[in-house]
Participant: 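Quick one: the structure is below, and I'll ask about it shortly.
Just so it is clear: chains get the letters A, B, ... in the order the sequence lines come, proteins before strands, and each one is counted from 1.
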Amino acid sequence: MCQPIKKYLTASLPNAHPLHTYGSVRKRVKCSFIYTYIHIGSESTIKIKMQFMLLFSRQGKLRLQKWYVPLSDKERKKISRDLVQTILARKPKMCSFLEWRDLKIVYKRYASLYFCCAVEDQDNELITLEIIHRYVELLDKYFGSVCELDIIFNFEKAYFILDEFLLGGEAQETSKKNVLKAIEQADLLQEEAEAPRSVLEEIGLT
Amino acid sequence: SRAGFTGPENLSRVNLVLVKHYSQTLYTLYIRSVYHNLSKEAEIKRINKELANIRSKFKGDKALDGYSKKKYVCKLLFIFLLGHDIDFGHMEAVNLLSSNKYTEKQIGYLFISVLVNSNSELIRLINNAIKNDLSSRNPTFMCLALHCIANVGSREMAEAFAGEIPRILVAGDTMDSVKQSAALCLLRLYKASPDLVLMGEWTSRVVHLLNDQHMGVVTAAISLITCLSSKNPDEFKTCVSLAVSRLSRIVSSASTDLQDYTYYFVPAPWLSCKLLRLLQCYPPPEDGAVKGRLVECLETILNKAQEPPKSKKVQHSNAKNAILFEAISLIIHYDSEPNLLVRACNQLGQFLQHRETNLRYLALESMCTLASSEFSHEAVKTHIETVINALKTERDVSVRQRAADLLYAMCDRSNAKQIVAEMLSYLETADYSIREEMVLKVAILAEKYAVDYSWYVDTILNLIRIAGDYVSEEVWYRVIQIVINRDDVQGYAAKTVFEALQAPACHENMVKVGGYILGEFGNLIAGDPRSSPLVQFNLLHSKFHLCSVPTRALLLSAYIKFINLFPETKATIQEVLRSDSQIRNSDVELQQRAVEYLKLSSIASTDVLATVLEEMPPFPERESSILAKLKKKKGPGAVSVELEDGKERGELNGGADRGGEAAIAASNSTPSPSSDLLGLRSAAPVGGPAPSAGSLLVDVFSEAGSAPPSAASEDPAPPLFVCKNNGVLFENQLLQIGIKSEYRQNLGRMYLFYGNKTSVQFVSFTTTVSCPGELQSHILKCIPSLTHTKPVEPLVEGGAQVQQVINIECLTDFVDAPLLNIKFRYGGALQNITLKLPVTINKFFQPTEMAAADFFQRWKQLSQPQQEAQKIFKASHGMDTEVLKAKLLGLGTALLENVDPNPENYVCAGVIQTKIQQVGCLLRLEPNAQAQVAPPPPPTHTHTHTHLCAHALDSHTASVCPSLCGSHCITHCTHLHVITRYCIYVKDPHRVGSSKSH
């Protein structure tokens, strides 16, 4: 759980599935993005690129969820549950894409986390895979050497970084520098008001 | 201090570190949630305690300061993210939005983004806070607010901000980061509520964002532009040349030129992909220079794929190939550059054997679309061995699925036998999840490319043998239909099923096919003593007891047909029918068949038997319902193979139905159009719900299958058209559909005019008419009369209008109007429209004039309760005699003047003409003088009539009537009172349905 995800980023492994190299003791991070159709009236379908993105652990615990389409809580839960099960059942060497319901799932495992995105059927799978990677890079750069616990206990930062990078399911800013600059600026604002602490850290002090 | 987190010893180490930083409470919770050896109950208990604590803080007398509010809101979020439900704290989060402290505001927005759906009371408050932040001119606050809108994206937000955000987006002094957020925020609002986001004066300024110096702004804006272009290509078409020049600059840049927008030595991969995607909204550029530049870009991208990689990292090759695949998509979309298409195909061919599973998957997928282009179809075919190998050896089912799809797409006459054989052998080991689809595909290919039909029959029987459980009704109906329609294959089919049935365990679907085919064509193999009539019968009957009721019912029909085919089996079969297990079967349907068949065989003369049990006439030819089913399964775009031979098309669904009908009652010995009756039912591609027990025998055959419910439409038949025949049926931004129709007796003809309102052509324009819903409605028949395959030209030029004629025959009463489905591609986006055709039962009214005495005499005769229907309607409009009269006339009835002694009342008479019967209807409308009286809305009448007829014909339907009409009638409110009485004249006493009519 504390395995730095960065190791996987920097290691130049042939197949980008570092699990094997590091042995089964290491855990990975998963994340997903999903895109769907929204039906408006009877006449038009507007495609939403990314429908949602999920980050879940190897134990199937959701660590972060981001929904880009309006769905009820019940639907969200059902989708996450089904999808997590589907992906966890897949073997490591399998391809990173799968068709699931009307969606195409693009996922990749980093340490103990799976990153998984659902995109619309026509969408570009490889570029989505690199969206995941760029997000992991951003987290890694921001947290130093990111691990699952960072995301659990600094979930708000993980969300803020994601919002700077992807908005409404579309890439907003792909430059690592610019995204981090925005986050750092926000941190500065925070600093003006108070000492920079994780929100949960503050809770801990109560 | 951070190490691999593997067990208790590590846990304690991590714990020490964490305790310093994080809340002990939450950390414990978290650890418990991770380690399942602590009970779930304990965790929930702990969480509930925490929630109770927070709740009490929120409800306490002391007002919480911003800091505490933030803290507790944050705790709630944390608990939510651990997977627990949160149902309070929203108000506190909203309060945080108006805080001046950035962190408090930020947590407030986060809570709302994660937890607020569209709670309308809160949205107003949230909108207020957002409004303040948007006008704060503080870019950080503005971005927070924009992110919130983009995350929630509700209609209320669109109403509040759809006007403001475009201004922010194009304002000269807006910071780049705010522009980026504004662009994507607007996109989200447009997707959620396109009607609220008005383009117009800012269109060209948005398009020019493509030229922005800041790559991030371009990246964000292009998503918005792509979405808007796909909906309004004309207004945004200037983006094409801008996109091409931007793309060209990126593609030709050195890998370091774009600095931080270079990703693993690939310049701006996301932007490149988005640019290529935007271009797919448009046809190839008309301007030669622009087109030349674009082709150059595409060639450069293809060239780069051949260059040695600049990095060994998978990110490098992924980014590079992402652009390559997007470029190939564009090449396929243009489908006009044979050179590029073939190059693309060769490139994909290399990927087919790449060591990366991901690339193999994508190459198979992409090649599937290449296979449908005439320029590259042959090139794709050269990879057949690789693809077959992939089907056999890939370890990942999703890759195998792609391989199967590609084989399907590349199949043509030259390789059909090989591909079908490979797919069949794969089917034996295929994953359960894809078997049904595989079966459909094999069935379609076998039919489409059958050179000799014995091969086709063999293939389908093999299918049933290998994957019987996955063979849907459509497939076995289809094989029966084809066998019946082609006499050259009947003998072979009979012989083959006879042999297949010899297997000790054969699938029930095989028994069904066997029963049907031997019942029809058993005589063709009866000469051989090894398959003498009795042997055939005994073989079938040996399966009988293992079968389900519908199959047994089918077998009984086969038996009675045997009696006709082979008089020598009569005694044996009668013996079987007479046995208690048949004639006293607890299943009503089986018992009824046994009784009736036994009686029929005992009393009818040979001639009558021969007439009643005559061989089935050929099926009408229409689109394969297997194909329809596959389309339904896979979505419209996925089925690239179209059946091209109209003559091979037939309708399947009627297959089994006709068996039943023929067996009991088809007494029209002429090759009469009566065969249409059931053929028609096939016009609805898949069966509706199971018919109620005791309805006509024919119904039982269409048992509730695996068929999905038809994707029936949303809106009822436009009320407008109940009383009139011409007008505009449908109109949106792209398409207008006008309608002209005329009816005579039970026949009608409808002219549909499809007008393309844009200046861009519609591609792959297809229309299909189907009859949805329950059995009763299937009897309405609609045959597009132009051609079977392409009722309209597949291309509709910009501004052009095409016409389609539909002939309609009303066979008997019906409830649901037929559906018209229109599909076409407009600028690359598939449009799919389903409409109800305005065909209602009253269209087949023939007015009848009669005198008062006559009317009342008939009125009194029709006094049975089941011959009357009353509806009381609430008046919906002001009362106007002339309007009311016009509406009643528009219904198609004759308005009888001076008949009713009460001049306030309206009296009408008419006969509904259907093919098998006429329904005389007398109608009296009694406005209630005390209430504000107004004519009932016309649809109500229609429903009344519809149900009346249905009622008369079939008591089962009658029970449905009240619920269907319920929404229209308000019983407590006596404003309008309609009484209709009716009688039914059956034209043909031999018809199956006749016995049920009055």
Participant: Determine the interplanar angle of the B/Phe78 and A/Phe153 rings, folded into 0 to 90°, and report it as parallel if under 30°, tilted if 30 to 60°, perpendicular if over 60°.
Facilitator: parallel
Participant: Determine whether the side chains of B/Asn151 and A/Tyr159 contain a donor N or O and an acceptor N or O closer than 3.5 Å.
Facilitator: no
Participant: Find the one option among A/Leu129, A/Leu64, A/Leu167 whose heavy-atom pairs under 4.5 Å with chain B are most numerous.
Facilitator: A/Leu167
Participant: Does any non-hydrogen side-chain atom of A/Glu173 lie less than 4.5 Å from one of B/Met215?
Facilitator: no
Participant: So do the side chains of B/Cys74 and A/Phe155 get within less than 4.5 Å of each other, counting heavy atoms only?
Facilitator: yes
Participant: Listed by chain and number, what are the side chain to side chain donor-acceptor pair (under 3.5 Å) partners of B/Asp85, not counting sequence neighbours?
Facilitator: A/Lys77
Participant: Between B/Tyr261 and A/Asn178, is there a side-chain heavy-atom distance shorter than 4.5 Å?
Facilitator: yes
Participant: Do A/Glu156 and B/Ile107 have side chains that approach each other closer than 4.5 Å (heavy atoms only, starting at C-beta)?
Facilitator: yes
Participant: Please determine whether a side-chain nitrogen of the Lys or Arg among A/Glu170 and B/Lys191 lies less than 4.0 Å from a carboxylate oxygen of the Asp or Glu.
Facilitator: yes
Participant: So which part of B/Gln106 gets closer than 4.5 Å to some heavy atom of chain A, the side chain, the backbone, both or neither?
Facilitator: both
Participant: For residues B/Thr140 and A/Gln185, is any side-chain donor paired with an opposing acceptor at under 3.5 Å?
Facilitator: no
Participant: With a 4.5 angstrom heavy-atom cut-off, is it the side chain or the backbone of A/Arg134 that approaches chain B, or both, or neither?
Facilitator: both
